[in-house]
Amino acid sequence: MFKRLEALLAGVSDEVACLSTTACELFHAFEEFHWVGFYRVTVPGELTVGPYQGGHGCLKISFDRGVCGAAARTKQVQIVSDVNAVTDHIACSTTTQSEIVLPVVDVNDELRAVLDVDSDELAHFDAMDQYHLAKVCDLLTRTCYVVS
């Protein structure tokens, strides 16, 4: 899947095209992923949904709320084995059981978005998922965020 995504994004620098293609590829590559998408930094301290694949996402998320907000605020990967155990988890879908959220930065290490992947299975995500999804985020940094 990574080589295919790399080929699809070659020569593409438009943010929406890069993020849309990435969300689509990830969503269709793994049937355990029921929601794959990005929350983009649109104003300081706030994320806006899109592009994504799956059911509706939350439209806006503040950096001080939820798992996506924590990933944005800290620029650290968040792996949640059981979203019901997280007190400030923002439930956009009642079927989500676990999620992983990774920061997406530009070449100047400025946060541009977070990649959010949800699963209906408990404890679905692990260090291997983090490794591979971090490679995807690095690819995005090198393709759609080369111009600061």
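In this structure, the side chain of Thr48 does not engage the main chain of Thr42 through any donor-acceptor pair within 3.5 Å. Between the side chain of Glu31 and the main chain of Ala29, no donor-acceptor pair closer than 3.5 Å is present. With Trp35 contributing its side chain and Ser119 its backbone, the two residues share no donor-acceptor pair below 3.5 Å. Counting only distance, with no hydrogens or angles, the side chain of Tyr145 and the backbone of Glu15 share no donor-acceptor pair below 3.5 Å. Although no hydrogens or angles enter the test, the distance criterion places a donor-acceptor pair under 3.5 Å between the side chain of Asp126 and the main chain of Met128.
Residues Ile100 and Gln130 meet the side-chain proximity criterion, which asks for heavy atoms closer than 4.5 Å. Residues Thr141 and Val107 meet the side-chain proximity criterion, which asks for heavy atoms closer than 4.5 Å. At least one side-chain heavy atom of Phe38 sits less than 4.5 Å from a side-chain heavy atom of Thr22. Proximity of Leu139 to Glu6: side-chain heavy atoms (C-beta onward) are separated by under 4.5 Å at one or more points. Within the 4.5 Å cutoff, no side-chain heavy atoms of Val101 are placed close to those of Leu115. In this structure, the side chains of Val77 and Pro103 come closer than 4.5 Å at one or more pairs of heavy atoms. At a threshold of 4.5 Å between non-hydrogen side-chain atoms, the residues Leu140 and Leu9 count as touching.
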Solution key, residues 131-138 side-chain donor-acceptor pairs under 3.5 Å, sequence neighbours excluded:
none

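Hydrophobic clustering, with ILVMFWY side chains joined whenever heavy atoms are under 4.5 angstrom apart, groups Leu59 together with Val67.
Within the model, atoms OG of Ser98 and CG of Asp118 stand 8.0 Å from one another, a figure rounded to the nearest 0.5 Å. We find the CZ-CZ distance between Arg73 and Phe63 to be 9.5 Å, quoted to the nearest 0.5 Å. Taken from CZ in Phe27 to OH in Tyr52, the straight-line distance is 11.0 Å, to the nearest 0.5 Å. The CZ atom of Arg112 sits 11.0 Å away from atom SG of Cys18, with the distance rounded to the nearest 0.5 Å.
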query = Could you go step by step and tell me if Asp120 and His34 meet the side chain to side chain donor-acceptor pair (under 3.5 Å) rule?
reply = CA-CA 7 Å; Asp120 289 346; His34 84 258; 2.5 Å; yes
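Considering only residues two or more places apart in sequence or on other chains, Lys75 meets the salt bridge (Lys or Arg N to Asp or Glu O under 4.0 Å) condition with Asp109. Phe33 meets the side-chain contact (heavy atoms from CB on, under 4.5 Å) test with Phe30, Val36, Val117, His124, Phe125; sequence neighbours excluded.
The shortest heavy-atom contact between Cys68 and Ile61 is CB-CD1, 4.0 Å.
Tested against Arg40 for a side chain to side chain contact (heavy atoms under 4.5 Å, CB included), the candidates Val16, Leu47, Leu111, Leu19 yield a single pass: Leu19.
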